[in-house]
Amino acid sequence: MGRRALFMAKNKKLVEAITAMDTDFAQWYTDVVKKADLADYSSVKGCMIIRPYGYAIWENIQAELDSRFKATGHENVYMPLFIPESLLNKEKDHVEGFAPEVAWVTHGGEEELTEKLCVRPTSETLFCQHYANIIGSYRDLPKLYNQWANVVRWEKTTRPFLRTTEFLWQEGHTAHATMEEAEEETLRMLNVYADFCQDFLAIPVIKGQKTEKEKFAGAQATYTIESLMHDGQALQSGTSHNFGDNFARAFNIRYLDKDNTHRYVYQTSWGVTTRLIGALIMVHGDDSGLVLPPRVAPIQLVIVPIATHKGGVLEKAQEIFTTLKAKVRVKLDDSDKNPGWKFSEHEMRGVPLRLEIGPRDVENGTVVLVRRDNGEKLTVNIAELAQKVPEILQEIQDGLLAKALKHREEHTSKAYSLAEIKENLDKKPGFVKTMWCGDRACEDQVKEVARASSRCMPFESEHLSDTCAICGKPAKAMVIWGRAY
RNA sequence: CGGAGUGUGGCUCAGUUUGGUAGAGCGCUGCGUUCGGGACGCAGAGGCCCGGGGUUCGAAUCCCCGCACUCCGACCA
């Protein structure tokens, strides 16, 4: 009864099974993951069961990205799950970066292995060894490979999708004849990610370069797309690395050039992970649960028939289902739950559009459409549905991106001192822009005082002042700071 | 890796203080009535009380030792 009362009193919050965002954002996140049937916990810490609905989102992400990778000339391959210890150790910075979080296989059956095998935390070393074998001539270049795989990193703190011990991702690994080509590739793929996030996931991102401190172990340059969650925390949503010839030297990947001299190749790697699902939740979700942008939504429209025992309703619903099936991903929920229950269920799962059809509608030749993003109800003639539904879905897609962008802008500030960075973040968590001298010491200080890290040096940067906001020395770049997941 | 908390039907928990026949709500199954914002009635099914050792006539409850998970801080996609 108390629950019911809450339900009635607070019209905005339609689902009482989910903790309100303002009450406890972390709990809200966990509630959404579970109530939207995205994932379940497993018996191994940090490993989750991705349920059909969550996996369907991942499959949509995969399909779209994969076609964009193919369109830019990449081929898919599959590398082994295991890496011999000696192979992992070949590149010094790389192994040092990953050593603390690798899982090791020491036994095969009852027998102890002569060499430990690492469960891949990433596959640079595997690709490198393979490239050393197959690249001989400039005619073999470039090699543009990608793999869809799982990787394991022994994390201390885990959260579903955001940081799990095992996660799914894609890792692109390419080899080029020149540094210029490698740099071009690195940026090309960063742009693929950025466009994908904005067009498909309706998540606005900031493109930029990581500082020395934050760059990938073994890379010469790391580029990133950074997004801002609803609670003002930053999320690194994808990275693209230019390795230069670091790995090529360590793994002796050389090609014979046109002038008959051996040269090292220049390599890149780039990846996005199931973390993107976490971003979707935290960028678009609300107190009623998940809100999915139509393009990534496994179900774009759900049909809820009302009073199915009355003649004609179910038949009409089925007819509409058949018509719309050709245009959008549609589900007819003809289960014997109550309509109200179904409304809540599909809201929690973030279905962008709901279609209600009851006896009144059948009589009038109309249906009621309800938007998940703003709750708006529209009465539409059945004859117009095939045209209207795609239009409304597009509006929702655009609206979500605009809303997220507005939120990010409202949570982005400028600062001119260390104290101001901290003050801004404490007052209103988000992105803080400052000038920076380029010294690691200043980053460490921001970490210590403001509990924030440098997210990136954005490509689109401004000149805020001549001096570093932290130490006052001449500034070299603008940096965006934030508290990150 | 520190600090705190929690482990009892599928889920959320009560029961533990003070040892004495394992409970509730939700969910699940069947039948019927309902159906425009989480419906209702009746009848059911379902538990090695996290694990291992003690103490006791008797342990979910008391004592040791583990393990797991959650949340908060240092490292990371």
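Just so it is clear: chains get the letters A, B, ... in the order the sequence lines come, proteins before strands, and each one is counted from 1. Hydrogens, waters and symmetry mates are skipped; everything else that's a heavy atom, side chains included, is used.
With sequence neighbours left out, the side-chain hydrogen bond (donor to acceptor under 3.5 Å, both in side chains) criterion links His173(A) to Glu171(A). Applying the salt bridge (charged side-chain N to carboxylate O under 4.0 Å, His left out) criterion to Asp439(A), with sequence neighbours excluded, gives Lys473(A). Legend: residues meeting salt bridge (charged side-chain N to carboxylate O under 4.0 Å, His left out) with Glu184(A), ordered by chain and number and at least two apart, are Arg188(A). Every ring pair (Phe, Tyr, Trp, His ring centres under 6.0 Å) that Trp169(A) has, sequence neighbours left out, goes to Phe167(A). Take Phe82(A) and apply the ring pair (Phe, Tyr, Trp, His ring centres under 6.0 Å) test, not counting sequence neighbours, and it matches no residue. With sequence neighbours excluded, no residue forms a salt bridge (charged side-chain N to carboxylate O under 4.0 Å, His left out) with Glu101(A). Listed by chain and residue number, Glu423(A) satisfy the salt bridge (charged side-chain N to carboxylate O under 4.0 Å, His left out) test with Lys427(A) (two or more places apart in sequence, or in another chain).
Taking the centre and axis of the six-membered ring of Phe431(A), the NZ or CZ atom of Arg455(A) falls outside the cone set by 45° and 6.0 Å.
Under the 30°/60° scheme for interplanar angles, the aromatic rings of His407(A) and His230(A) are found to lie parallel. Ring geometry for Phe127(A) versus Tyr131(A): interplanar angle of 30 to 60°, hence tilted.
Among the atoms of the strands shown, only primed sugar atoms or phosphate atoms (P, OP1, OP2) are found under 4.0 Å from some heavy atom of Gln236(A). Among the atoms of the strands shown, base atoms are found under 4.0 Å from some heavy atom of Phe167(A).
Residues from residues 301-309 of chain A with heavy atoms under 4.0 angstrom of RNA chain B, sorted by number: Ile306(A), Ala307(A), His309(A). Interface residues of residues 269-278 of chain A facing RNA chain B, ordered by number: Thr273(A), Arg275(A); criterion, heavy-atom separation under 4.0 Å. Within residues 354-372 of chain A, the residues approaching RNA chain B are Arg354(A), Glu356(A), Gly358(A), Pro359(A), Arg360(A), Asp361(A), Val368(A), by heavy-atom distance under 4.0 Å.
Counting only heavy atoms from C-beta on, Thr157(A) has its side chain closest to A74(B) among A77(B), C28(B), A74(B). Of the candidate nucleotides A39(B), G37(B), G38(B), G38(B) has the atom lying nearest to any side-chain atom of Trp341(A).
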Under 3.5 Å, which protein N or O atoms sit close to an N or O of nucleotides 68-70 of chain B? Give each pair with its distance.
residue	atom	partner	partner atom	Å
C69(B)	OP1	Lys45(A)	N	2.8

Please list every donor-acceptor pair under 3.5 Å in which a side-chain atom of residues 295-311 of chain A meets a protein atom from a residue at least two apart or in another chain.
residue	atom	partner	partner atom	Å
Gln300(A)	OE1	Arg329(A)	N	2.8
Gln300(A)	NE2	Pro294(A)	O	3.0

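In this entry C49(B) has no Watson-Crick or G-U wobble partner, no candidate having both defining distances under 3.5 Å. Under the Watson-Crick or G-U wobble criterion, with both distances below 3.5 Å, G37(B) is left unpaired in every strand shown.
Here C11(B) presents its P atom at 19 Å from CD1 of Ile18(A), a figure rounded to the nearest Å.
Taking the P atom of each, A60(B) and U17(B) are spaced 12 Å apart, rounded to whole Å.
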